[in-house]
**Q** 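I'd like to ask some things about the structure below.
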Amino acid sequence: MDLKTKALTKSIWVFHFAAASCNNCDIEILDAMTPKFDLERFGMLKVGSIRHADVMLVTGAISHKAAVRLKRLYEQAAKPCLVVAVGCCACSMCIFRDSYNMAGPFDRLVPVHAYIPGCPPKPEAIIMGVVKLVKALKKG
Amino acid sequence: MAKTLFYFIVFPGFLFTALIGLLVSWIDRKVTARVQWRVGPPILQPFYDFVKLLGKETIVPQAGSKFTFLLSPLFGLAAVTIVSTLLWLVMISPEKTFLGDLIVVIYLLAIPSISIIIGGFASGNPLASLGASREMKMVLAYELPFILAIFTPVIKAQGIIKLGDLLQYQWANSIFLNSWSGFIAFVVAIICMQAKLALVPFDIPEAETEIIAGPYIEYSGAPLALHKLTRWMMLFVVPIFLVVVFMGGIIFSGLHILWGILKYVLLLVLIILIRNTNPRLRIDQAIKFFWGPVTILAVIGVILAFLGI
């Protein structure tokens, strides 16, 4: 593993794209940053600008309006940028599957590198997902 | 020639300042984490951040000006490097000073802010422009009390305007912090330093929750890494400047070195604690604060220094 990959796995800056979820996933993501779980131990930070991000977290079911923004945001990110789906809505659209205003599962829009299921996923589950992502990155 | 290059590039110039800057930013994050009852990042964290940013893609926005956008981080970095070289050379051998190097340092310390302003305006993003214009207002607000505070010791030392002579004056008599005028000027300088470093309560230009990252919003990859490095180096250089001007600097002999480092660490922890216990001000509140109470306090310090107190 070269220094570049190592540095990437040790310092993951997260951009949070909240696509109209019910807020539970958003709260659980913030929970992972609080003193009890403290993801900053592993160098993870939340950033406000997609240009600084290494990982884009997506929560919520993607509607037609959100789909355009999601695509544009992914194109604006500095590569390598990974995409993680957090929560059942983002993973499989859950109960919104048959809604008229849904743009379909969002892994058809942008490549998704990890799925974290749960409604909402526990902070432990989010950390587990992160660990799996880091392991996959290390393998290359 | 080779010696000068060594001074600028290795010690006490770029490499030394950058390494200490990385360490200092780790201390900042670690103490912040401990204040919030967290564990905090490992010691190599800023290094990883820096390397990672160097390895990422650099995007230049279409609406921006490419040349200025990519060049502006270098201005700030160069200025901080020169300030650090000047300060450390003066502390190591006070006779290596020249007339007016205090003024040069004050000028150079303003350049990182200017580089942020240029970079923000060059990126063609409305939020970045907003952040840059706020940074400009902040520079206008804090420069006046900062310069007044720095010139209080000069007045107290009967018009010595060389850094080396100021140090020797302090070693011969007592440090400026021991007098009333010096103390008042020091308090003013700490407040201005907080604004110069763009830390809470004066992180108005890059207000994360409000305008995302302000001037930095469009930066990615290596230019962002340089901007971050400049900020970390500033966190090292500006307190060292105050240590030189007000607290007698670092004397390079035996135990005095430890005592000098302790002065700097105390100042650093003070900065971090201020940053962790304050909310962010609005830009109009900040300007009122600097042009009102802080400037008045600085003027009182100057008057006291003229009276010799």
Side-chain angles (χ1 to χ4, degrees), chain A residues 1-18 26 29-57 69 72-83 111 123 127 130 133-134 137-138 140, chain B residues 22 25-26 28-64 69 120 123 125 127-128 131 203 206-225 227-228:
Chain A
M1 189 172 55
D2 58 338
L3 186 66
K4 201 173 149 187
T5 324
K6 181 161 173 128
L8 183 61
T9 54
K10 287 272 185 183
S11 134
I12 296 178
W13 290 1
V14 176
F15 175 84
H16 181 189
F17 180 79
D26 307 341
I29 287 168
L30 289 180
D31 213 13
M33 297 276 169
T34 51
K36 190 167 179 188
F37 301 102
D38 187 23
L39 275 180
E40 207 195 341
R41 276 179 300 165
F42 311 116
M44 272 165 231
L45 281 184
K46 263 183 70 104
V47 291
S49 165
I50 186 69
R51 301 265 198 225
H52 307 174
D54 307 302
V55 165
M56 183 160 83
L57 290 183
R69 272 106 188 144
R72 200 188 291 161
L73 269 177
Y74 182 72
E75 282 157 8
Q76 283 176 344
K79 308 290 175 301
C81 180
L82 308 173
V83 182
I127 294 171
V130 165
L133 194 70
V134 167
L137 265 179
K138 277 180 182 169
Chain B
L22 292 178
S25 83
W26 171 73
D28 174 28
R29 279 173 73 174
K30 186 81 179 173
V31 173
T32 305
R34 294 310 299 163
V35 168
Q36 297 167 352
W37 289 99
R38 290 187 288 119
V39 177
I43 190 163
L44 280 178
Q45 189 56 51
F47 173 71
Y48 287 134
D49 286 350
F50 185 69
V51 173
K52 178 207 73 177
L53 283 175
L54 283 185
K56 291 214 30 146
E57 186 191 4
T58 303
I59 301 171
V60 181
Q62 218 172 17
F69 182 78
S123 50
N125 183 307
L127 291 178
D203 65 334
E206 58 195 88
E208 275 179 8
T209 44
E210 213 182 311
I211 51 171
I212 304 179
Y216 304 119
I217 185 168
E218 290 285 347
Y219 277 99
S220 62
L224 180 66
H227 262 311
K228 293 260 170 203

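Residue numbers start from 1 in every chain, and the chains themselves are labelled A, B, ... in the order their sequence lines are given, proteins ahead of strands.
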**Q** Tell me, yes or no, whether the heavy-atom count around B/Lys30 atom NZ, taken from other residues, nucleotides or ligands under 6.0 Å, exceeds 12.
**A** yes

**Q** Within a radius of less than 6.0 Å around CZ of B/Phe47, do more than 12 heavy atoms belonging to other residues, nucleotides or ligands occur?
**A**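 No, CZ of B/Phe47 has 12 or fewer neighbouring heavy atoms, counting only those of other groups under 6.0 Å.
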
**Q** State, to 0.1 Å, how close A/Phe42 and B/Gln45 come at their nearest heavy-atom pair, and which atoms those are.
**A**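 In terms of heavy atoms, the two residues are closest at C-OE1, 4.3 Å.
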
**Q** Taking the side chain as every heavy atom from C-beta outward, state whether B/Lys56 and A/Asp54 have any atom pair closer than 4.5 Å.
**A**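 In short, these two side chains touch, coming nearer than 4.5 Å.
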
**Q** Set out, in order, the CA-CA distance, both residues' side-chain angles and the distance that settles side chain to side chain contact (heavy atoms under 4.5 Å, CB included) for B/Asn125 and A/Arg51, then state yes or no.
**A** CA-CA 12 Å; B/Asn125 183 307; A/Arg51 301 265 198 225; over 6 Å; no

**Q** Looking only at heavy atoms and a cut-off of under 4.5 Å, which of A/Pro80, A/Gly48, A/Ala78, A/Gly43 has the most pairs with chain B?
**A** A/Ala78

**Q** When rounded to the nearest 0.5 angstrom, what distance separates CD1 in A/Ile12 from OH in B/Tyr48?
**A** 13.0 Å

**Q** Ring of A/Trp13, cation from B/Lys52 - is the NZ or CZ under 6.0 Å from the centre and inside 45° of the axis?
**A**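 Yes, B/Lys52 sits over the ring of A/Trp13.
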
**Q** Quickly, which of B/Leu53, B/Leu224, B/Ile217, B/Ile212 forms a side chain to side chain contact (heavy atoms under 4.5 Å, CB included) with A/His52? Name it, please.
**A**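 Of the listed residues B/Leu53, B/Leu224, B/Ile217, B/Ile212, the side chain to side chain contact (heavy atoms under 4.5 Å, CB included) partner of A/His52 is B/Leu224.
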
**Q** In this structure, are over 12 heavy atoms from other groups packed under 6.0 Å from A/Lys79 atom NZ?
**A** yes

**Q** Count the heavy-atom pairs under 4.5 Å between each of A/Glu40, A/Met44, A/Gln76 and chain B, then report the option with the highest count.
**A** A/Glu40

**Q** Pick from A/Ile50, A/Thr34, A/Val47, A/Leu45: which one has the most heavy-atom pairs with chain B under 4.5 Å?
**A** A/Leu45

**Q** Heavy atoms only: give me the nearest B/Val39-A/Asp38 pair and the separation to one decimal.
**A**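 Looking at all heavy atoms of both residues, the shortest contact is N-OD2, 2.9 Å.
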
**Q** Is it the backbone or the side chain of B/Tyr216 that comes under 4.5 Å from a heavy atom of chain A, or both, or neither?
**A** both

